[in-house]
Amino acid sequence: MIQERLKQIVDTCFLQGVESGKWSDKAAGKYSLEVPKREGQGDYSTNMAMVMAGIEKKNPREIAASVIELLEKQDIVEKLEIAGPGFVNIFLKPKVWHDVLQPALAAGAEFGKSSVGNNRKVMVEFVSANPTGPLSIGHGRQAILGDAIAKLLEATGHDVYREYYFNDAGRQMRVLGESTKARYLELLNREAQFPEDGYQGEYIRDIAQSLIDDKGDSLVDSPDVLPFTERAVELIFKDISGTLKDMGIVFDNYFNEHTLYDDGHIESVVQELRDKGLVYEKDDATWFKTTDLGHEQDRVIIKKTGEPTYRLPDIAYHREKFRRGFDWLVNVLGSDHIATVPDVLAGVEALGYDPKKVTVVLHQFVTLTRNGKQVKMSTRKATFVTVDELLDLVGPDVLRFYLMMRKPDSQLEFDLDLATSQEKDNPVYYVQYGHARICSILRRAEESGIYTIDPSTADLSLLQEPEELQLLKRIASFPASIEEAALDLAPHRAIFFLMELAGDWHSYYNKHKVIDPENIDIAVTNARLCLVTGLQQVFKNGLEMLGLNAPERM
RNA sequence: GGUCCCGUAGCUCAGUAGGAUAGAGCACUAGAUUCCUAAUCUAGGUGUCGCGCGUUCGAAUCGCGCCGGGAUCACCA
């Protein structure tokens, strides 16, 4: 907000320079206004003079002097200086920072939200695990990441729809049914042959047991695996949605791949591509001519057996997303799906939709360590750690926080020992404690009965400590930080913002008293209470935007 | 072999529309609490930003080439 205002001022000065013949307009849009990394280098800094120096072939410091002349007249500017190779450092008047508090408090729960999204309809598709077993930690990362992205997009004015895409047919499911049947027979002491590539998890036995409970041994001679598959899918889905619910995630829709077949979308996609000359037959299979679209090789979309490969329903599914009126599709996928992305995008484009409206967030794997050693995971062998187990161990907030603390591109190391034993030195609690601490102070203030929290009557100019100005700057930058995290689809940025905020706040708390019974200064305390209330709002809104709790006591 | 991601402090990681002296947490050491919650704070860092070359006023960041780790390259999903 302040940055935008200052940017306009700087741009205006630049134009004045152009008009008065000091420099040409060639540097327009090329310079930037940013927050310097180091203290003492101003609230903001612009590299305008250096950028112009290259273009105008002049000494950057001389140009900087001219820039300063123009900026000096601005009323929000306190001080200006030329630094380093030609930066212009801008120091703003403290009043500028004091003035952020009142609007922030007035905005309340809305503070930090924005409308940059313009109500754009965006679908976030994530998890999309087929029902073959409980959610593993890898799914957990995706679930948390997808949900956090969705929440951030909501906070920035997007119309968000969460969807889970799944397939409960095909080979995978047959194996699942066969595995269940084998366990069923085993539990009834019958001869059973467990499939070689079957699912070995204990949950399969539970499913078999539920069939025994309901139907006894009546399925022993069933030649069909369907009853087993159906029961398995039903129970596993119940388990998955329960887990998601425990993580605080609710989908707007579960989309079954089957509807694409039932409604004829698969066929119509093939037909449409065929009409465009992008489909041909070879070796009894049907191929998608992706080489015409700049790819290295063509891909099979319908196998010899007559069954489509995954590509075809995927393409049809994306067309449906567009047809349903979404104009931005965000797909959160594990990096193992990387090879599927170009084919789907090619399909989307061939069908006349804009592939730029599809954004794929690929996240790397979660590596699990226990006793300092990496744990290898496989769903089939059931040597994975489930989200349920982790939720039991560390609780939803810690799990969520850890899983979104890293950028999606990085592998994420989840140290089981650390997560379970290290309860206190946890960044989650560090941030949450920041909030709880403020709540405690505010309770204290209320009990005292002598303080009031009202930014319109408080003398905010009493907030003169450098730490106080720093906190005000943090508050001021909150909306922009959220916007940045949202548009970059990078929840970890919001996490880092909160950790830095908490660091500044805890530091301030230890150095200065908000309420000091030994040295009662009502005016100062009232001003500080306004500051802390603003901070509380930022903590609360920030935590909640990421799906985390903001506890009032700890 | 092709494509994508990663390589930054002992460990886990931030840091891209190129910016000034490269950061945080953990771990380790020494301190701080009669009073707003010590789940906190303060002080302590000599890092080939994997290596090399290039682009330019300026590179962890951009380009090219290597090295190392991971993912992926089906008529599986």
Side-chain angles (χ1 to χ4, degrees), chain A residues 29-30 32 34 36-38 40-41 45 47 50-51 53-54 59-60 83-87 89 128-130 132 166-167 170-172 257 282-287 296-297 299-311 313-314 334-342 362-365 367 369 372 402 405-415 418 422-434 436-445 447-448 488 492-493 495-496 499-500 502-503 505-519 525 528-529 532 553-554:
Chain A
K30 291 189 175 169
S32 65
E34 42 194 57
K37 284 179 190 152
R38 297 193 157 270
Q41 295 178 341
S45 172
N47 61 352
M50 277 145 35
V51 172
N59 182 332
F87 289 99
N89 293 342
S128 298
N130 288 340
T132 60
F166 71 100
N167 176 19
R171 202 189 74 90
Q172 265 188 330
E257 183 185 315
K282 192 181 91 181
D283 303 334
D284 295 329
T286 304
W287 296 70
E296 289 205 352
Q297 50 182 311
R299 299 292 185 180
V300 170
I301 49 173
I302 299 176
K303 297 182 250 178
K304 242 180 234 178
T305 61
E307 291 171 298
T309 62
Y310 69 89
R311 290 184 192 94
D314 260 15
S335 62
D336 54 333
H337 283 73
I338 187 163
T340 73
V341 175
L362 281 170
H363 67 86
Q364 298 291 314
F365 286 171
T367 56
T369 57
Y402 270 90
M405 197 163 47
R406 305 300 178 211
K407 69 177 173 209
D409 285 340
S410 291
Q411 285 192 9
L412 188 156
E413 179 165 309
F414 199 100
D415 188 326
L418 209 70
Q422 219 186 19
E423 294 227 325
K424 294 204 172 168
D425 290 316
N426 203 314
V428 190
Y429 300 137
Y430 185 75
V431 174
Q432 289 183 326
Y433 183 50
R437 207 168 213 183
I438 293 170
C439 293
S440 169
I441 292 174
L442 295 178
R443 280 194 297 270
R444 207 38 102 89
E447 284 162 14
S448 78
D488 282 356
H492 75 282
R493 293 195 178 209
I495 290 279
F496 274 84
M499 290 199 290
E500 284 166 13
W505 158 236
H506 286 309
S507 223
Y508 171 70
Y509 175 91
N510 275 274
K511 193 165 174 186
H512 302 286
K513 295 232 174 225
V514 176
I515 298 171
D516 190 347
E518 287 186 4
N519 182 18
T525 296
R528 288 183 176 176
L529 285 170
V532 220
R553 292 170 201 274
M554 285 176 75

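Chain A is the first sequence line, chain B the second, and so forth, proteins listed ahead of strands; every chain is numbered from 1.
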Check your understanding: Considering Watson-Crick and G-U wobble pairs with both distances under 3.5 Å, what does B/G1 pair with?
Key -> B/C73
Study note, to complete from the structure: Under a 3.5 Å limit on both distances, the Watson-Crick or wobble mate of B/U21 is none
Practice item. Treat primed atoms plus P, OP1 and OP2 as sugar-phosphate and everything else as base, then score nucleotides 71-77 of chain B 5' to 3': B for base contact with protein heavy atoms under 4.0 Å, S for sugar-phosphate contact only, - for none. Key: SS--BSB
Check your understanding: Is B/G31 paired to anything, Watson-Crick or G-U wobble with both distances less than 3.5 Å, and if yes, which nucleotide?
Key -> B/C41
Practice item. Name the closest nucleotide to the A/Arg437 side chain, picking from B/C35, B/A38, B/C41. Key: B/A38
Point to revise | Smallest separation among heavy atoms of A/Val514 and A/Thr525, with atom names | key: O-OG1, 3.1 Å
Review point. Given that both distances must come in under 3.5 Å, which nucleotide forms a Watson-Crick or G-U wobble pair with B/G10?
Key: B/C26
Review point. So what does A/Lys407 touch, heavy atoms closer than 4.0 Å: a base, only the sugar-phosphate, or nothing?
Key: sugar-phosphate
Review point. Rounded to the Å, how far apart are A/His506 NE2 and B/A32 C1'?
Key: 16 Å
Using a cutoff of under 3.5 Å, can you pull out all pairs of nitrogen or oxygen atoms linking the protein to nucleotides 17-22 of chain B, with atom names and distances?
residue, atom, partner, partner atom, Å
B/G19, N7, A/Asn47, ND2, 3.3
B/A20, N6, A/Ser45, OG, 2.8
B/A20, N6, A/Asn89, OD1, 2.9
B/A20, N1, A/Asn89, OD1, 3.2
B/A20, N1, A/Asn89, ND2, 3.3
B/U21, O2', A/Arg38, NE, 3.0
B/U21, O2', A/Arg38, NH2, 2.5
B/U21, O2, A/Arg38, NH2, 3.2

Exercise for review: Would you tell me if any nitrogen or oxygen in the side chain of A/Arg493 comes within less than 4.0 Å of OP1 or OP2 on B/U16?
Suggested key: yes
Practice item. Using Watson-Crick or G-U wobble geometry with both distances below 3.5 Å, tell me the partner of B/A60, or none. Key: none
Review point. Looking across every strand, which nucleic acid part, if any, lies under 4.0 Å from A/His512 by heavy atom: base, sugar-phosphate, or nothing?
Key: base
Exercise for review: May I ask you to decide whether A/Arg493 forms a salt bridge with A/Asp488, counting only side-chain N to carboxylate O separations under 4.0 Å?
Suggested key: yes
Review point. Who is the Watson-Crick or G-U wobble partner of B/U16, with both distances under 3.5 Å?
Key: none
Study note, to complete from the structure: Separation of B/G7 atom P from A/Leu412 atom CG, nearest Å, is 14 Å
Practice item. Keeping the roles fixed (side chain from A/Asn130, backbone from A/Phe166), state whether a donor-acceptor pair exists under 3.5 Å. Key: no
Exercise for review: Please confirm whether the backbone N or O of A/Ile302 pairs with a side-chain atom of A/Thr309, one donor and one acceptor, at under 3.5 Å?
Suggested key: no
Review point. If pairing requires Watson-Crick or G-U wobble contacts with both distances under 3.5 Å, which nucleotide is the partner of B/C66?
Key: B/G50
Practice item. Pick base, sugar-phosphate or nothing for A/Tyr509, based on heavy-atom distances below 4.0 Å to the nucleic acid. Key: base
